[in-house]
Chemist: 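Before I ask anything, here is the structure I am working with.
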Amino acid sequence: MTYETIKYEINESIAKITINRPDALNALNSDVLNDLDKAIEEVKDNSDLRVLIITGEGRSFVAGADIKEMSELNPIQARDFGKKGISVFRKIETLPIPVIAQVNGFALGGGCELAMACDIRIASDKALFGQPEVGLGIMPGFGGSQRLQRLVGQGWAKYLIYSAENIKADKALEIGLVQDVVEVDQLEQRVNQLANSIASKAPIAVKLSKEAINTGGQVDIDSGLRIEENNFGLTFSTEDMKTGTKAFINKEKAEFQNK
């Protein structure tokens, strides 16, 4: 499949999507959302993939939604635009495989929302995060008001959204918005290291863990524990469980087959 606004590549069991509008700081317009939508479906249909990385070309991850396009929308069109972004980001969030945001630079507005739809966020020390929408007379529209509070708590979510202030990577790490910060020239190596580490683990167990975390995080603790109980049991029906436990007992490296 060909794409106009993104680059899609596969290296063994790891896929990578790069938002490729560097002249516009990778701002999200309808074309980017459509390309992302198609690429996510391509990832979903490839059972050989174990991890997806999302990043941006140049000095920006994603600097936000395309303001020029948004400025011309009426309320109905704006709602449809937001609905499209929410739908695409939800597909990313619910992919069976883990998704890592490789945040190389600006992650503002829709860019911060895209990063939050990923499972793990690794940032360069040059990254900048924020939800600046209220400074434009609008509000987050691609899930920011919901995911931000779930990641950093309501206090910080309200602070960042109400003030429209941007924060640097070290502050994002402090409040739990990202999981690691490295120097910009080490970012790709750090993300690839993490992606390969995840890809080397039992794929079905990783998928069932993601499902338990995502689903369990939306229900009460007893319901969540039942989800874990069920998924834990399911792992014992896999060949990978036998492979992993045997390798551990024999002090060998496990080679998982996704079975």
Chemist: Would you say the side-chain atoms of Glu93 and Asn214 include a donor-acceptor pair closer than 3.5 Å?
Modeler: no
Chemist: Would you say CD of Gln179 has more than 12 non-hydrogen atoms from neighbouring residues, nucleotides or ligands within 6.0 angstrom?
Modeler: yes
Chemist: Heavy-atom distance under 4.5 Å between the side chains of Ile53 and Asn192, does that happen here?
Modeler: yes
Chemist: Does any N or O in the side chain of Ser197 come within less than 3.5 Å of the main-chain N or O of Gln193, such that one atom is a donor and the other an acceptor?
Modeler: no
Chemist: Is Val88 linked to Met116 within one hydrophobic cluster, defined over Ile, Leu, Val, Met, Phe, Trp and Tyr using a side-chain heavy-atom separation of less than 4.5 Å?
Modeler: yes
Chemist: Start with the C-alpha distance between Val182 and Asp125, add both sets of side-chain angles, then the distance that settles side-chain contact (heavy atoms from CB on, under 4.5 Å), and finish with yes or no.
Modeler: CA-CA 6 Å; Val182 298; Asp125 55 359; over 6 Å; no
Chemist: Can you name the nearest heavy-atom pair linking Asn29 to Val32, along with the distance?
Modeler: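 Minimum heavy-atom contact is OD1-N, 2.9 Å.
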Chemist: Can you find a heavy atom in the side chain of Asn196 that is under 4.5 Å from one in the side chain of Val51?
Modeler: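 Asn196 does not reach Val51 side chain to side chain.
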Chemist: Under a 4.0 Å threshold between the charged nitrogen and the carboxylate oxygen, would Glu229 count as salt-bridged to Arg226?
Modeler: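 A salt bridge is absent here (no side-chain N lies under 4.0 Å from a carboxylate O).
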Chemist: Shortest non-hydrogen contact from Val62 to Gly110?
Modeler: CG1-C, 4.3 Å
Chemist: Give the cluster check for Ile138 versus Phe89: same hydrophobic cluster or not, with ILVMFWY residues linked at side-chain heavy-atom distances below 4.5 Å.
Modeler: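 As far as the 4.5 Å side-chain criterion goes, Phe89 and Ile138 are connected within one cluster.
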Chemist: Give, for atom CD1 of Ile198 and atom CG of Leu52, the distance between the pair rounded to the nearest 0.5 Å.
Modeler: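 Taking CD1 in Ile198 and CG in Leu52, the distance rounds to 11.0 Å.
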Chemist: Nearest 0.5 Å please: distance from the SG atom of Cys112 over to the CG atom of Leu160.
Modeler: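 If I round to the nearest 0.5 Å, the distance is 7.5 Å.
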Chemist: Between the side chain of Glu41 and the main-chain N/O of Asp37, is any donor-acceptor distance below 3.5 Å?
Modeler: no
Chemist: Are Tyr162 and Gln131 close enough that a side-chain donor and a side-chain acceptor fall under 3.5 Å?
Modeler: no
Chemist: Are Phe61 and Val152 grouped together when hydrophobic residues (ILVMFWY) are joined by side-chain heavy atoms under 4.5 angstrom apart?
Modeler: yes
Chemist: Is it the case that atom CD in Glu12 sees more than 12 heavy atoms from other parts of the structure closer than 6.0 Å?
Modeler: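 Counting other residues, nucleotides and ligands, CD of Glu12 stays at 12 neighbours or fewer.
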Chemist: Taking only Lys NZ, Arg NE, NH1 and NH2, and the carboxylate oxygens of Asp or Glu, determine whether Lys7 and Glu57 approach each other closer than 4.0 Å.
Modeler: yes
Chemist: Would you indicate whether the side-chain heavy atoms of Val206 and Pro98 approach each other to under 4.5 Å?
Modeler: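 Sidechains of Val206 and Pro98: in contact.
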Chemist: Would a hydrophobic clustering, with Ile, Leu, Val, Met, Phe, Trp and Tyr connected at side-chain separations under 4.5 Å, put Val99 with Val103?
Modeler: yes
Chemist: Let me confirm one number: the OH-CE distance from Tyr8 to Met1, rounded to the nearest 0.5 Å.
Modeler: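 The OH atom of Tyr8 sits 9.5 Å away from the CE atom of Met1.
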Chemist: Below 4.0 angstrom, N of the basic side chain to O of the carboxylate: do Glu183 and Lys126 qualify?
Modeler: no
Chemist: Looking at Asp180 and Arg121, is any side-chain nitrogen of the basic one under 4.0 Å from a carboxylate oxygen of the acidic one?
Modeler: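 The answer is no: the pair does not qualify as a salt bridge.
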Chemist: Can Asp240 and Thr243 be counted as having a side-chain donor-acceptor contact under 3.5 angstrom?
Modeler: no
Chemist: Can you name the ring pair (Phe, Tyr, Trp, His ring centres under 6.0 Å) partners of Phe248, sequence neighbours left out?
Modeler: none
Chemist: Would you find more than 12 non-hydrogen atoms of other residues, nucleotides or ligands less than 6.0 Å from Lys44 atom NZ?
Modeler: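 Enclosed: over 12 neighbouring heavy atoms sit under 6.0 Å from NZ of Lys44.
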Chemist: What closest approach, in Å, do Pro203 and Asn258 show between heavy atoms, and which atom pair accounts for it?
Modeler: CB-OD1, 3.3 Å
Chemist: Begin with the C-alpha distance, continue with both residues' side-chain angles, and end with the deciding distance and a verdict on side-chain contact (heavy atoms from CB on, under 4.5 Å) for Cys118 and Ile100.
Modeler: CA-CA 6 Å; Cys118 300; Ile100 303 171; over 6 Å; no
Chemist: Measure the shortest side-chain to side-chain distance between Lys16 and Glu188 over non-hydrogen atoms and say whether it is less than 4.5 angstrom.
Modeler: yes
Chemist: Given Leu49 and Ile14, is the side-chain contact (heavy atoms from CB on, under 4.5 Å) satisfied, shown in steps?
Modeler: CA-CA 6 Å; Leu49 295 177; Ile14 299 171; over 6 Å; no
Chemist: Verify the distance criterion only: is there a donor paired with an acceptor across the side chains of Lys91 and Ser87 at less than 3.5 Å?
Modeler: no
Chemist: What distance do Leu225 atom CG and Asn230 atom CG have between them, rounded to the nearest 0.5 Å?
Modeler: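 These two atoms lie 12.5 Å from each other.
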Chemist: Looking at Arg190, I'd like to know if its CZ atom is crowded, meaning that more than 12 non-hydrogen atoms belonging to other residues, nucleotides or ligands lie closer than 6.0 Å.
Modeler: yes
Chemist: Looking just at side-chain N and O atoms, do Thr5 and Asn20 make a donor-acceptor pair shorter than 3.5 Å?
Modeler: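 Judged by distance alone, the side chains do not pair up.
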Chemist: State, to 0.1 Å, how close Ala169 and Val181 come at their nearest heavy-atom pair, and which atoms those are.
Modeler: O-CG2, 3.6 Å
Chemist: Is it true that Glu239 and Lys242 have a side-chain N and a carboxylate O under 4.0 angstrom from each other?
Modeler: yes
Chemist: Under a 4.0 Å N-O cut-off, is there an ion pair linking Lys38 with Asp35?
Modeler: yes
Chemist: Please report the interatomic distance CE(Met241) to CG(Leu234), rounded to the nearest 0.5 Å.
Modeler: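 Between atom CE of Met241 and atom CG of Leu234 there are 12.0 Å.
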Chemist: Considering only heavy atoms from C-beta outward, does the side chain of Ile120 approach that of Leu194 to under 4.5 Å?
Modeler: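 Yes - at least one pair of side-chain heavy atoms lies under 4.5 Å apart.
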Chemist: Taking ring pair (Phe, Tyr, Trp, His ring centres under 6.0 Å) as the definition, give me every residue that meets it alongside Phe236, ordered by chain and number, with sequence neighbours left out.
Modeler: Phe232
Chemist: Within a strict 4.5 Å, meaning less than it, do heavy atoms of the Leu148 and Ile161 side chains meet?
Modeler: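 In contact.
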Chemist: For a side chain to side chain donor-acceptor pair (under 3.5 Å) with Thr55, tell me which candidate from Asn26, Thr18, Asn104 qualifies.
Modeler: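 Among Asn26, Thr18, Asn104, the one meeting side chain to side chain donor-acceptor pair (under 3.5 Å) with Thr55 is Asn104.
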Chemist: Taking the side chain as every heavy atom from C-beta outward, state whether Met70 and Phe81 have any pair of such atoms under 4.5 Å apart.
Modeler: yes
Chemist: Is any side-chain heavy atom of Leu114 closer than 4.5 Å to one of Phe142?
Modeler: no
Chemist: More than 12 foreign heavy atoms under 6.0 Å from CD of Glu9: is that the case here?
Modeler: yes
Chemist: Report the distance from atom CD of Glu252 to atom CG of Asn250, rounding to the nearest 0.5 Å.
Modeler: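 Answer for the CD-CG pair, Glu252 versus Asn250, is 4.5 Å.
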Chemist: Atom CD of residue position Gln189 - does it have more than 12 heavy atoms of other residues, nucleotides or ligands inside 6.0 Å?
Modeler: no
Chemist: Under 4.0 Å between a Lys/Arg side-chain N and an Asp/Glu carboxylate O for Asp31 and Arg21?
Modeler: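 So Asp31 does not pair with Arg21 through a salt bridge.
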Chemist: Closest heavy-atom contact between Ile6 and Ala39?
Modeler: CD1-CB, 3.6 Å
Chemist: Over all heavy atoms of both residues, which pair between Ser13 and Ala199 is shortest? Give the atoms and the distance, please.
Modeler: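 Smallest heavy-atom distance, with atoms named: OG-CB, 3.7 Å.
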Chemist: Take Lys84 and Ser30 through the side-chain contact (heavy atoms from CB on, under 4.5 Å) test and state the conclusion after the steps.
Modeler: CA-CA 8 Å; Lys84 178 67 174 179; Ser30 296; over 6 Å; no
Chemist: Going only through I, L, V, M, F, W and Y residues with side-chain contacts under 4.5 Å, is there a path from Val191 to Val43?
Modeler: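 No, no single cluster joins them.
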